[in-house]
S.K.: 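Have a look at the structure that comes next, please.
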Amino acid sequence: MPEPSPDVDAYIDHAAPFAQPILRRLRAIFHEASPVLEESLKWGVPSFGYKGIVVGMSAFKEHVGYGFWKSAIMNDPAGLFGDAPRSSPMFIKLTHVDDVPPAAVLIPYVREAIDLNERGVKVPKARKPEPPAVPADLAAALDAAAAARARFDTLSPSLQREYIDWIDEAKREETRARRIAKTVASVTEGTSRTGKPL
């Protein structure tokens, strides 16, 4: 079994008093699940890994968060993940040591996460967002300025959407026309609406 990390010891010792027993209990269960887990600090918080990150935990102001790195592809027989989005690895929140799931519940999760790493299973990458539909009047203005159209088409979907939303928020036609003209001009110049380089 790998040695306990002095950095993790220090992290727990410096956590808020309510968080310390929660962190210690989680740590003990993680190691009970498997003797191969290695401790370290990743991004400044305790992480437990084997052939990659398995699980992590973090003390916040009013709760302790923990989560499994590959929760998006893990089973959830005890409903620990709930409806929470799993984009953050620390999405399971605990406020008291009594909230920590029993070892019998958590251990299978840890072992499944280790098995996924052992087999080299990867979490599928999120699909890139589709470019937004460009309103006809903006499309016509961009098409009339080849440089603006070429640059607009290379912008990220979120930046394109920012321009489109700004134009669509105009209440009057004159305002909309001005915003379209400003969009074409700034995109042609390679600057954002605020003047920053694109």
Side-chain angles (χ1 to χ4, degrees), residues 11 19 40-49 51-76 79-95 109 112-113 116-117 119-198:
Y11 181 94
S40 63
L41 289 186
K42 299 265 190 217
W43 306 285
V45 298
S47 176
F48 302 82
K51 296 187 178 182
I53 300 172
V54 171
V55 65
M57 61 185 189
S58 182
F60 296 92
K61 187 175 179 180
E62 296 181 357
H63 72 276
V64 168
Y66 78 99
F68 295 87
W69 195 252
K70 295 183 176 175
S71 62
I73 57 172
M74 289 176 61
N75 295 309
D76 186 19
L80 297 181
F81 303 157
D83 295 329
R86 302 183 199 182
S87 57
S88 166
M90 305 297 175
F91 65 91
I92 304 171
K93 296 179 181 180
L94 307 171
T95 57
Y109 283 78
E112 179 185 359
L116 290 170
N117 284 359
R119 293 186 289 127
V121 177
K122 305 281 186 202
V123 176
K125 291 187 179 180
R127 290 178 49 200
K128 290 186 179 179
E130 294 291 322
V134 179
D137 50 357
L138 175 58
L142 289 169
D143 290 341
R149 170 52 89 179
R151 182 164 279 140
F152 188 85
D153 289 344
T154 66
L155 298 179
S156 69
S158 61
L159 192 50
Q160 289 179 2
R161 192 168 290 108
E162 184 179 316
Y163 277 112
I164 292 167
D165 289 347
W166 178 61
I167 291 166
D168 285 344
E169 288 167 2
K171 304 231 184 310
R172 297 173 38 197
E173 284 304 314
E174 305 85 55
T175 305
R176 183 178 181 90
R178 276 195 310 274
R179 290 183 180 183
I180 289 173
K182 183 172 180 179
T183 296
V184 171
S186 66
V187 170
T188 301
E189 294 167 3
T191 59
S192 69
R193 289 191 305 116
T194 59
K196 295 180 181 175
L198 292 174

S.K.: Starting at CG of Asp76, measure out to CZ of Phe68 and round the result to the nearest 0.5 Å.
M.R.: 9.5 Å
S.K.: Do the rings of Phe91 and Phe81 sit parallel, tilted or perpendicular, given the 30° and 60° boundaries?
M.R.: perpendicular
S.K.: Report the C-alpha separation of Asn75 and Tyr109 in whole Å, then their side-chain angles, then the decisive distance to 0.1 Å, and conclude whether the side chain to side chain donor-acceptor pair (under 3.5 Å) test is met.
M.R.: CA-CA 8 Å; Asn75 295 309; Tyr109 283 78; over 6 Å; no
S.K.: Would you say CD of Glu62 has more than 12 non-hydrogen atoms from neighbouring residues, nucleotides or ligands within 6.0 angstrom?
M.R.: no
S.K.: Parallel, tilted or perpendicular: which describes the rings of His63 and Phe60, with under 30° parallel and over 60° perpendicular?
M.R.: parallel
S.K.: To the nearest 0.5 Å, what is the distance between CZ (Arg149) and CG (Leu138)?
M.R.: 7.0 Å
S.K.: Just verifying a value: how many Å separate Leu159 CG and Ile164 CD1, rounded to the nearest 0.5 Å?
M.R.: 10.0 Å
S.K.: Mind checking the NZ-CD1 spacing from Lys70 to Ile53? Nearest 0.5 Å is all I need.
M.R.: 10.0 Å
S.K.: For Arg119, does the CZ atom sit with more than 12 other heavy atoms under 6.0 Å from it, leaving out its own atoms?
M.R.: yes
S.K.: How far does OG1 of Thr183 sit from CZ of Phe152, to the nearest 0.5 angstrom?
M.R.: 7.5 Å
S.K.: Kindly compute the distance separating CD (Glu169) from CZ (Arg176), expressed to the nearest 0.5 Å.
M.R.: 11.0 Å
S.K.: Which heavy atom of Val54 sits nearest a heavy atom of Ala113, and at what distance?
M.R.: CG1-CB, 3.5 Å
S.K.: Residues in salt bridge (charged side-chain N to carboxylate O under 4.0 Å, His left out) with Glu173, at least two apart?
M.R.: none
S.K.: Minimum heavy-atom separation for Lys122 and Ile73, please, with both atom names.
M.R.: O-CD1, 3.9 Å
S.K.: Identify the heavy atoms of Arg151 and Glu189 that sit nearest to each other, and give their distance.
M.R.: NH1-C, 3.7 Å
S.K.: If every non-hydrogen atom of Tyr11 is compared with every non-hydrogen atom of Ala59, which pair is closest and at what distance?
M.R.: OH-N, 2.8 Å
S.K.: Where is the tightest heavy-atom contact between Trp166 and Lys182, given as atom of each residue plus distance?
M.R.: CH2-CD, 3.8 Å
S.K.: How close do Leu41 and Pro46 get, heavy atom to heavy atom, and via which atoms?
M.R.: CD2-N, 3.5 Å
